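To keep things clear, I will list the structure first and then write my remarks on it.
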Amino acid sequence: MQGTNWEQLEVQVGQNLTLDPTDWSQMRELGHQMIDDVMDYLENIGEQPVWKPIPEEVKSFLSQDIPQEPQDIEAIYQEFKQHIFPYTKGNIHPRFFAWVQGTGTPLGVLADLLAATMNPNVTIGEHAALYVDQQVVNWCKQMLNYPAEASGILLSGGSMANITALTVARNHQLQKNIRKEGLYQNGAQLTLYCSAETHSCIQKAVEILGLGGDAVRKISVNERYEINVDELVNTIEADLAQGHQPFCIVGSAGTVNTGAIDPMDELLAICQRYQLWFHVDGAYGALAKLDPQYTSALKGIEQADSVAFDLHKWLYVPYEVGCTLIKNAEAHRSAFAITPNYLLQEKRGLAGGLESINNYGFELSRGFKALKIWMSIKEHGLAKYAAMIQQNNLQAAYLGQLVENAPELELLAPVSLSIVCYRYVHPALSGLELNALNREILIQLQEQGIASPSSTLLQGRYAIRVCIVNQRTKKSDLELLIQATLQIGSEQVALLLPRITHFFTAE
Ligand SMILES: *Cc1c(COP(=O)(O)O)cnc(C)c1O
């Protein structure tokens with residue numbers, strides 16, 4: 001460098017700044033304290049309220065400007081304990097039933113600590129994490145009985161897994177060099193078919209892939225919320241007649257609303273008939289294939305061109321990890337492979353080893369998310385996971401029965417997989433009043449910290465929606481949920497009824 005003062009440079013470089021602690025023993029002690037606190041917390045999580053609202057002072061604490069000065073690590077940990085830790089979302093709690101959210105496990109927590117310690121960037125290079133990553137992808141194939149020659153990649157979750165698979169589907173089905181030439185289609189639309197109950201990430205993926213949201217043909221569902229196959233075939237025929245180019249059917253292996261499973265075999269046959277790509281969104285339900293009750297309904301996954309599923313849901317590992325498997329590994333590779341000069345691979349040395357995973361997905365930097373899966377499956381063995389998933393499905397069936405046994409409650413959809421949609425009913429209340437009543441019941445269940453179901457609308461009816469992908473839920477948690485629903489429901493009806501009676505007598 002021109003004009004560099006050598007002596008000054010030597011002094012500056014000689015400071016040897018680092019972010020490692022000067023006092024390792026303090027860091028070690030804090031680490032021990034954290035592990036103790038974490039294990040206490042997890043061991044007794046069921047005694048905590050599922051959720052509590054965040055006080056205003058916490059929100060204002062969490063909107064302070066970026067700190068310029070250093071702070072003691074103990075003090076930072078105290079801040080965490082005071083302002084962050086207590087206001088958890090609650091999905092690790094035995095009575096968390098909202099959306100489709102996993103619980104994690106204690107060993108999963110420790111695995112993430114180890115993964116963060118090694119902190120490998122799991123993309124290129126000769127290092128053990130890449131082999132663990134590959135081994136876990138192979139285990140994923142084995143869990144679903146998917147062909148061993150298939151390719152696969154661990155991603156942040158189901159949304160990334162779906163868009164990754166649909167990218168391959170689009171490129172493969174278009175049969176031109178889409179990576180070079182882009183998407184020009186001379187007016188023909190590339191169309192994708194799925195049920196109206198399909199997860200919104202499919203729509204988003206199609207939009208991002210440049211096909212336009214209009215390209216998603218949302219086929220209606222039957223009374224079990226499964227895709228109407230006749231309408232599907234008619235829509236494909238109509239599109240072909242119009243000169244469009246159907247390219248893909250997405251089957252849901254467990255919809256988010258009701259846990260419905262599309263008829264996999266029929267979808268597969270239609271794909272074969274029209275030479276379409278068959279993709280399964282199994283983000284929620286694919287692993288239910290391990291439950292003997294669902295093995296046959298989900299067998300079609302084995303023949304699918306691609307399947308996306310989450311391990312942070314039904315494998316109970318900590319966030320985030322999902323997986324895409326693609327039957328045609330070459331199609332997968334040709335959608336993503338690219339080798340710039342700075343990512344050359346060698347036969348020996350650090351840049352030797354397995355092919356870069358970056359050739360199978362968009363993300364370059366990737367964390368060591370495979371380790372928590374690797375350790376967890378070793379800890380319990382696959383049979384235990386099958387039993388856990390089966391238990392969640394049986395818990396849903398039991399909850400459905402509790403609903404049917406209570407005259408004040410009604411099921412709003414058939415129980416499928418581990419989802420139960422129900423509501424409180426009263427003959428004096430209109431549809432709109434029932435919607436308001438059940439919204440109030442749900443919010444009170446959450447605000448009182450009793451349980452956290454979520455909601456959905458099924459044919460305009462507001463449902464209290466319970467989804468159990470929870471390794472901590474017990475039978476008594478379900479009984480408590482029903483008792484509390486009945487209790488809050490009757491209190492609310494008692495508040496409403498005088499008004500309604502008054503309304504009737506005033507006429
Ligand atoms: C959760 C879910 C997704 C999205 O997966 P993320 O892991 O949240 O990105 C997609 N489809 C279905 C059916 C899901 O349940």
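Indexing begins at 1, ligand by ligand and atom by atom, following the structure's order. Computed from a prediction, not measured in an experiment: that's the story for all the values here.
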Are the ring centres of Trp277 and Phe247 closer than 6.0 Å?
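They do not qualify: ring centres at least 6.0 Å apart.
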Would the Phe85 and Phe80 ring centres measure less than 6.0 Å apart?
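Judged by ring-centre distance (under 6.0 Å), Phe85 and Phe80 do meet the cut-off.
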Give the contacting part of Met160 toward ligand 1: side chain, backbone, both or neither, where contact means a heavy-atom distance below 4.0 Å.
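No part of Met160 is near ligand 1 at this cut-off.
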If you measure from each non-hydrogen atom of Glu320 to ligand 1, which part falls under 4.0 Å: side chain, backbone, both or neither?
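Answer for Glu320: neither.
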Report the relative orientation of the aromatic rings in [X] and [Y]; use parallel for angles under 30°, tilted for 30 to 60°, perpendicular for over 60°.
| X | Y | answer |
| --- | --- | --- |
| Trp99 | Phe96 | tilted |
| His380 | Tyr385 | perpendicular |
| His332 | Tyr360 | perpendicular |

Just which atoms of ligand 1 are under 4.0 Å from any heavy atom in [X]?
| X | answer |
| --- | --- |
| Gly254 | 13 (C) |
| His312 | 7 (O) |
| His199 | 2 (C), 3 (C), 4 (C), 10 (C), 11 (N), 12 (C), 14 (C) |
| Ala283 | 2 (C), 3 (C), 10 (C), 11 (N), 12 (C), 14 (C) |
| Cys201 | 10 (C) |
| Gly157 | 7 (O), 9 (O) |
| Asp310 | 1 (C), 5 (O), 6 (P), 7 (O) |

Considering only the protein, which heavy-atom contact is closest to [atom], and what is its distance?
| atom | value |
| --- | --- |
| atom 11 (N) of ligand 1 | Asp281 OD2, 2.7 Å |
| atom 14 (C) of ligand 1 | Lys313 NZ, 2.9 Å |
| atom 6 (P) of ligand 1 | Gly158 N, 3.3 Å |

Option with minimal heavy-atom separation from atom 4 (C) of ligand 1, where the choices are Ser159, Gly282, Ala253:
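It is Ser159 that holds the nearest heavy atom.
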Any N/O pair Val256/ligand 1 closer than 3.5 Å
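N/O-N/O distance below 3.5 Å does not exist for this pair.
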Report yes if some N/O of Asn162 lies less than 3.5 Å from some N/O of ligand 1; otherwise report no.
no
Are the charged groups of [X] and [Y] less than 4.0 angstrom apart, N to O?
| X | Y | result |
| --- | --- | --- |
| Asp133 | Arg366 | yes |
| Lys327 | Glu149 | no |
| Glu197 | Lys218 | no |
| Asp37 | Lys81 | yes |

Would you check if Thr456 and Leu458 make a side-chain contact, meaning some heavy-atom pair closer than 4.5 Å?
yes
Would you say Gly322 contacts ligand 1, with heavy atoms under 4.0 Å as the rule?
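For ligand 1, residue contact (heavy atoms, under 4.0 Å) with Gly322 is absent.
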